Structure formats: structure tokens, C-alpha cells
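I have a structure I would like to understand better, so I am pasting it below and will then ask my questions one at a time.
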Amino acid sequence: MQNPLWHCVSGNFYMMPNSFTDALFQLVRSLEKSEKRHFKLYIKRSSGKEDLKIIQLFDALEKLHEYDEKLLLTKLKGVTKPQLANLKTHLYKQLLSSLRLLKSTENTDLQLSEHLDHARLLYNKGLKIQSLRILEKAKELAKTNQKFNFLAQVISLEKKIETLHITRSTLEKTESLSQEALDISTHIDRVTRLSNLALLLYRWYIKFGHARNVEDEKDIRAFFKSNIPPAINAINGFYENLYLYQSYCWYAFVRQDFLMYYRYSEKWIALFEAHPAMIAVETGHFVKGMHNLLNAHFDLRNYRKFQGALHKFEAFAKTPVARHHDNFRIQTSIYINVARVNWHLMTGTFKEGLALIPEIEANLKEYALYVDRHRILVFNYKIATLYFGAEQYENAIDYLQKIINGPLDLRNDLQCYARLMHLMAHYELGNDEIIESLIKSVYRFMAKMKNLTVVEEEMFRFLRSSFHVSPRRLKPELEKFLYKIKHLEKNRFETRAFAYLDIISWVESKVYGKPLGAVIHEKHLQSHRSAVKTIEVPDEIS
């Protein structure tokens, strides 16, 4: 059955953002069979007969394909609209309570919260020693899993009990407790600063993409220097290093320093390899780190390392840790699909890559409740690139239209390059009658977004002139264009054009009369041969 979040127009799926706006309906839709069964048992044990109305509401919501309050009221006899609002609130709370009870042993944070709640309850009952014993257990669990924010709460309650009551604790213990509180406070401050920096740099990238010019570069540098905590050498512990590496990753990625991006992505994953128990504790960060490492290999065209990292990621996706929660399972699936598409983009095997599209779209429909607009935007662009490289320009245009006709609040860079690829697709189709107006509109848009580099300026200049050139004279014009942009390949502010759209390979395909995929694939094979020769050198010397 078609997911109601997706609307089909001419065979293409477009997101309908308002289909799942009700929070309770979203929660019910997200439940697995075991969670539904547990909820039914939980509510029948803990509720009175009147509360069992929420079971009727739960059953009615479960059968809906999209949220419709009028239809829902017809299924709940004798329930008025105001009563429905109260029932929904009650059901929402009971669902969360049931999930907490079911999942408490599976999640460290939930276990720590439970310990802290129990310690507070015992303290309020006057059972101070019992409370302190539970706090000791909570402290050990927090330290083992490096949960210092929880540790601060545990120590705060411990200090309160020691301050207000005679517990017969030793002087050494109270001094140790005071020092521990100071150390944790300093650690939490550094973690907070570093996590804020990583978050804000990532947000900058989601909004704008890569640095567009010298002004962007200066802004990012100044922002980074003013927000990086002092005394970096004092940074220690898992979380401090994790957010430090993330901050450097985003800083390098925004600036298109792909070598630095690769180094810190590798440090990110190496940190988890040095603390393997943290993969289960911070699975989301590990998954994101693998995604960034694969992206770094993609940007640097590290073909062999890319394949090795992808195989490792695919193996991880089959582990119980990766499949433990919907969030991790979905994110892993999405990032693996991105990597698989990237492999075909960087090896020029576009036609083979098209075989991935049905599975990707099926996954996006299955995970529609959980997938954010940014991820869909990226997939639409990458799928369009596959179709463009496979010379299926009409299909490429269909996917590019989804970006062009969508909101403009995300990824200004992709908004620009979607329009440029859209223009190139029409050029390939020979749609002369609309090229001139498209050139003007795309140029204006990119100028407005401050996204024009020398490469794009040359691109527009070539497209404007090429329609007035005879086929016999077109090749020399293409050769001139290729010469002009080839020497810009190493310029960091010009490479953003090549990162989104391999314009050089596209022009080479025209000059040499070869398909775009063949040109890129030859570069891949040449790189592979060079790598093999490098590996063989020690044997030849010996």
C-alpha cells in the first residue's frame, strides 16, 4: 500500500509534509509489534475500566492510514471532541510510560534516570543510606559509560545528602566528592563548548553548503577561533575528543579542506575503535562518523579506502547494535545508500547506479516518518546526477524539478547546482528555445545566492556562445573552455563546482566524443593502476 506521506505525480514521488502532523499518531505509527503488545498488557494491568477507553483510541489510530480527526470521532462512539483531546493526552503519556518500562534495560540513559529517580524517592522517605548506595551504583554506571552530565546530577544529590545529614562518611570521602564535582564541572563546560561549536558549524553547512568565497572563509575561521575552548592540550576523555574531532571535521568540510576533513573523520572513528564499548552507547555518533569518513574518501577519490570503509559499514549494519533501535537502523540504511550512489558517481558507472534507485525510493517511503527534508534533497540531487551521467536527461530533469520547486531554506549550494544541472540537461536535449531564458534565470539565481565562481562564469559564457557556433567550430570552443577551467581544479574556492558537478569530465566527454561515464571511469581505472604501481615499488627495489 502506498505510504500516505508520499504523493505520486507522473510516476514521481513528492513529500506531503502535513500527513503526519499529529504527535500521537506519529508515535503509534512508529511502534513495533512487540511494543504494541507490551502496551496492551501494561495498560490492562495499570488502568481502571474507564481508562480502557484509551485502548479503543489506540486501536482506532492504529487502523488509520493518515490522521483524520473526523473519521476518528466516528469510530469512538460517545466521545466528544474535547474528550478526545484529553484521551489523546492520556494515551500519549501511557505509551511513553510503557516504552520506558520496556526499554529501560536496553538504554544506559534510561537506567541512569531510573537509578536517580529511585535514589530521590528513598531520600524523600528518609532512607538516606539506601539512597547513597543506589547513587554509588549510578556513579559507577555513569563513569563506565562516560555519562558525565548524569554524573553531575548524581554527585549533586550525594553532596546534598552529605551536607544536610550525618551519614558517618569519612573526611577523605567528602574531600574526594568536592574535588570530583570540580573536575566534572570543568569537563562538562569543555564538552558543552565543543558540542556547541560542532553543532553551529554543521548548521552553517546545512544552510549554505561549502564556503563560497574569501569572505565566507574569513567568517568561518573567525567563528572557529573565537569558539574553540582554550587549552586544547587539556582536552581528555571520550566526549571531549569526540566533539573536538566533529568540530574540526565540519570546519574542514565547510572550507573544502578535504584532507583535514579526512584526517579528523578518521580520528572520529579511531576514537570509537579505542573505546569499543562506546559504539553501543553512542551508536548515532558512530554511524555519523562512518558517513563522514565515506564522504571524505569520496571527496578525495580514495577508491580503495572507500570500498574498505563501505564493506565495514555494511557489516556493522547487520550487527545487533545497529539494528537495536529504529533510529540507528534507518540512519545506517540511509548512509549506506548514499555511499553506494557515491561509488557509482565517482567511478562513472552511472547506468549500473540506476539499479539502486527503486530500493532507495522504497526505503524513503518506508522511513517517510523519520527522514528529514535535507536528506531527501540530497538524494534527489544524487539521483538526478545518476540519470544525467547515464544520459537520461528527462529523468534527471524530473528529480531536479523537485529541488527547484521546493523550499529554499536548505542548502543554498544544492539549490544553485540543481538549477545549473537542469540547464545543462536542457542543453543536452537541444531545447534551444528555452536555453537563453534558462541561462538568464539560473545566472540571476546563483548571483543572488553569491554562488558564482569563475568556473560557473565560464560555463555560462560557453553556453551562451555555443548555440551560435556551427558544429564544425564547436570543438575548438570546447577545447578553449576546457583549458580555462582545467587550471582551476586545484583552487579551493573553484573546486566546489567540481564537487557538485564534474564539469571538467563533462567538457572532456564533448571534446573527446566519449560518454561522460566513460571519461570518469577511465580516470578511476587510471587511479587504480597508479595505486597498484605504488604498492609494487618495494618489491622492485628489493
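Because the structure is a prediction, the values reported are computed rather than measured.
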Under 3.5 Å: donor-acceptor pair, side chain of S265, backbone of A296
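The answer is no, because no donor-acceptor pair under 3.5 Å joins these two groups.
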If we only count heavy atoms from C-beta on, is the I55 to I43 side-chain gap below 4.5 Å?
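I55 vs I43: side chains touch.
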Evaluate the ring planes of Y248 and Y251, with Trp represented by its six-membered ring, and classify them as parallel (under 30°), tilted (30 to 60°) or perpendicular (over 60°).
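Taking Y251 first and then Y248, their aromatic rings stand perpendicular (interplane angle over 60°).
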Non-hydrogen side-chain atoms of N236 and R190 separated by less than 4.5 Å
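N236 reaches R190 side chain to side chain.
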Would you indicate whether the side-chain heavy atoms of W268 and L293 approach each other to under 4.5 Å?
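L293 vs W268: side chains apart.
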Give a yes or no answer on whether the side chain of T89 reaches the backbone of A85 with a donor-acceptor pair at less than 3.5 Å.
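Flag set: sc T89 to bb A85 pair under 3.5 Å.
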Compute whether any side-chain donor of one residue and acceptor of the other, for Y262 and K305, lie under 3.5 angstrom apart.
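Result is yes, a qualifying pair exists.
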Should the pair R340-E314 be classified as a salt bridge under the 4.0 Å nitrogen-to-oxygen rule?
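E314 and R340: salt-bridged.
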Start with the C-alpha gap between L122 and L132, add the side-chain angles, then the distance that decides, and say whether side-chain contact (heavy atoms from CB on, under 4.5 Å) holds.
CA-CA 9 Å; L122 288 167; L132 287 171; over 6 Å; no
After noting the C-alpha distance and the side-chain angles of F253 and Y205, does the key distance pass the ring-ring contact (aromatic ring centres under 6.0 Å, His included) rule?
CA-CA 8 Å; F253 192 58; Y205 171 70; 4.9 Å; yes
Between R304 and F306, is NZ or CZ placed under 6.0 angstrom from the six-membered ring centre and within 45° of the ring axis?
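That pair does not qualify as a cation-pi contact.
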Please report the closest heavy-atom contact between A317 and I336, naming both atoms and the distance.
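Looks like CB-CD1, 3.6 Å.
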Check the pair Q246 / Y202 against side-chain hydrogen bond (donor to acceptor under 3.5 Å, both in side chains), numbers first and verdict last.
CA-CA 9 Å; Q246 286 184 6; Y202 182 56; over 6 Å; no
Going by an N to O cut-off under 4.0 Å, is there a salt bridge joining E282 and K147?
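Yes.
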Stepwise side-chain contact (heavy atoms from CB on, under 4.5 Å) check, L197 with W250:
CA-CA 9 Å; L197 177 58; W250 296 126; over 6 Å; no
For the CZ atom on R375, are there more than 12 heavy atoms of other groups (residues, nucleotides or ligands in this structure) within a distance under 6.0 Å?
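Enclosed.
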Counting N and O atoms only, with roles assigned by atom type, does the side chain of H275 sit under 3.5 Å from a partner on the main chain of L271, one being a donor and the other an acceptor?
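Side chain of H275 to backbone of L271: a pair is present.
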Validation row, ring centre H285 to ring centre Y243 under 6.0 Å:
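Ring centroids of H285 and Y243 are less than 6.0 Å from each other.
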Is it true that E158 and K139 make a salt bridge, defined as a side-chain N closer than 4.0 Å to a carboxylate O?
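Salt bridge: yes.
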Residues D219, K225: salt bridge by 4.0 Å N-O rule
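Salt bridge absent between D219 and K225.
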L116 side chain reached by I134 side chain, heavy atoms, under 4.5 Å:
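The answer is no, as the side chains (C-beta and beyond) never meet within the 4.5 Å cut-off.
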Does the side chain of N292 pick up a donor-acceptor pair with the side chain of Y264 at under 3.5 Å?
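No, no side-chain donor-acceptor pair sits under 3.5 Å.
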Kindly compute the distance separating OH (Y42) from OG (S98), expressed to the nearest 0.5 Å.
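That separation rounds to 7.0 Å.
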Do K88 and E69 sit within salt-bridge range, that is, some charged N less than 4.0 Å from a carboxylate O?
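A salt bridge links K88 with E69.
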Lys/Arg cation over aromatic Y399: K402, 6.0 Å, 45° cone:
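Yes - K402 lies over the ring of Y399, closer than 6.0 Å to its centre and within 45° of its axis.
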Does the pair D183 and Q179 meet the rule for a side-chain hydrogen bond (donor to acceptor under 3.5 Å, both in side chains), with working shown?
CA-CA 6 Å; D183 292 344; Q179 187 57 50; 3.0 Å; yes
Quick one: closest heavy-atom pair of Y261 and A252, and the distance?
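So the two residues come closest at N-CB, 3.4 Å.
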A quick test of your reading: do over 12 heavy atoms of other residues, nucleotides or ligands sit less than 6.0 Å from NZ of K288?
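Above 12, so yes.
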Checking side-chain contact (heavy atoms from CB on, under 4.5 Å) for the pair T283/T332: CA distance, chi angles, key distance, verdict?
CA-CA 10 Å; T283 310; T332 302; over 6 Å; no
State, with a plain yes or no, whether a side-chain heavy atom of H291 is found less than 4.5 Å away from one of Q331.
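With C-beta onward as the side chain, the pair stays apart.
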Let me confirm one number: the CG-CD distance from N145 to E140, rounded to the nearest 0.5 Å.
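The CD atom of E140 is 11.0 Å from CG of N145, to the nearest 0.5 Å.
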Is it the case that K36 places NZ or CZ above or below the six-membered ring of F39, under 6.0 angstrom from the centre and within 45 degrees of the axis?
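Verdict for F39: no cation-pi partner in K36.
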Taking the side chain as every heavy atom from C-beta outward, state whether S97 and L101 have any atom pair closer than 4.5 Å.
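No, side chains not in contact.
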Would you say that L294 contacts L310 through its side chain, given a criterion of any heavy-atom pair below 4.5 Å between the two side chains?
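With C-beta onward as the side chain, the pair touches.
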Contact summary for I403 and L377, nearest pair of heavy atoms:
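Distance-wise, the nearest heavy atoms are CG2-CD1, 3.5 Å.
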Which label fits Y67 and F25: parallel for a plane angle under 30°, tilted from 30 to 60°, or perpendicular past 60°?
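The arrangement is tilted - the two ring planes meet at 30° to 60°.
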Salt bridge (charged side-chain N to carboxylate O under 4.0 Å, His left out) between R329 and D326, intermediate numbers included
CA-CA 5 Å; R329 179 171 52 83; D326 289 337; 2.7 Å; yes
Between F328 and F286, ring centroids under 6.0 Å:
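Between F328 and F286, the centre distance exceeds or equals 6.0 Å.
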Stepwise, does the salt bridge (charged side-chain N to carboxylate O under 4.0 Å, His left out) test hold for E361 with K365?
CA-CA 6 Å; E361 293 201 320; K365 283 186 278 185; over 6 Å; no
Can you tell me how far the CG atom of D68 sits from the CG atom of L72, to the nearest 0.5 Å?
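D68 atom CG to L72 atom CG measures 8.0 Å (nearest 0.5 Å).
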First locate atom CG of L112, then atom CG of L151, and finally report the distance between them rounded to the nearest 0.5 Å.
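Separation between the atoms: 9.0 Å.
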Calculate, to the nearest 0.5 Å, the distance between atoms CG and CG belonging to L194 and N241 respectively.
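Reported value, rounded in 0.5 Å steps: 9.0 Å.
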Establish, for the pair R301 and F298, whether the NZ or CZ atom is under 6.0 angstrom from the six-membered ring centre and no further than 45 degrees off its axis.
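Yes, a cation-pi geometry holds between R301 and F298.
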Ignoring hydrogens and angles, tell me if any N or O in the side chain of E35 forms a donor-acceptor pair with the backbone of E32 under 3.5 Å.
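Present.
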Salt bridge (charged side-chain N to carboxylate O under 4.0 Å, His left out) for K75 and D59? Distances and angles first, verdict last.
CA-CA 10 Å; K75 293 179 178 293; D59 291 338; over 6 Å; no
Ignoring hydrogens and geometry, is there a side-chain-to-backbone donor-acceptor pair from N124 to R120 under 3.5 Å?
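Yes, the answer is positive, given that a donor and an acceptor are paired below the 3.5 Å cut-off.
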Does R323, at its CZ atom, have more than 12 non-hydrogen atoms belonging to other residues, nucleotides or ligands within less than 6.0 Å?
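No - once you tally the heavy atoms of other residues, nucleotides and ligands closer than 6.0 Å, there are 12 at most.
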Flag yes if more than 12 heavy atoms outside K143 fall under 6.0 Å of its NZ atom; otherwise flag no.
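Counting other residues, nucleotides and ligands, NZ of K143 exceeds 12 neighbours.
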Main-chain N/O of Y381 paired with T385 side-chain donor or acceptor, under 3.5 Å:
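Yes; judged by distance alone, with no hydrogens or angles, the pair exists.
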Quick one: pull up CG in L300 and CG in L259 and give me the separation to the nearest 0.5 Å.
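That separation rounds to 6.0 Å.
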Just do the side-chain contact (heavy atoms from CB on, under 4.5 Å) check on L201 and V254 with the steps written out, would you?
CA-CA 8 Å; L201 286 168; V254 168; 5.6 Å; no
Is the distance from the ring center of Y335 to that of F313 below 6.0 Å?
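No, too far apart.
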Side chains of L95 and L31 in contact at under 4.5 Å (non-hydrogen atoms):
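Sidechains of L31 and L95: in contact.
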Evaluate the salt bridge (charged side-chain N to carboxylate O under 4.0 Å, His left out) criterion for residues E215 and R221: first the C-alpha distance (whole Å), next the side-chain angles of each, then the deciding distance (0.1 Å), finally the verdict.
CA-CA 10 Å; E215 288 74 24; R221 279 184 181 275; over 6 Å; no
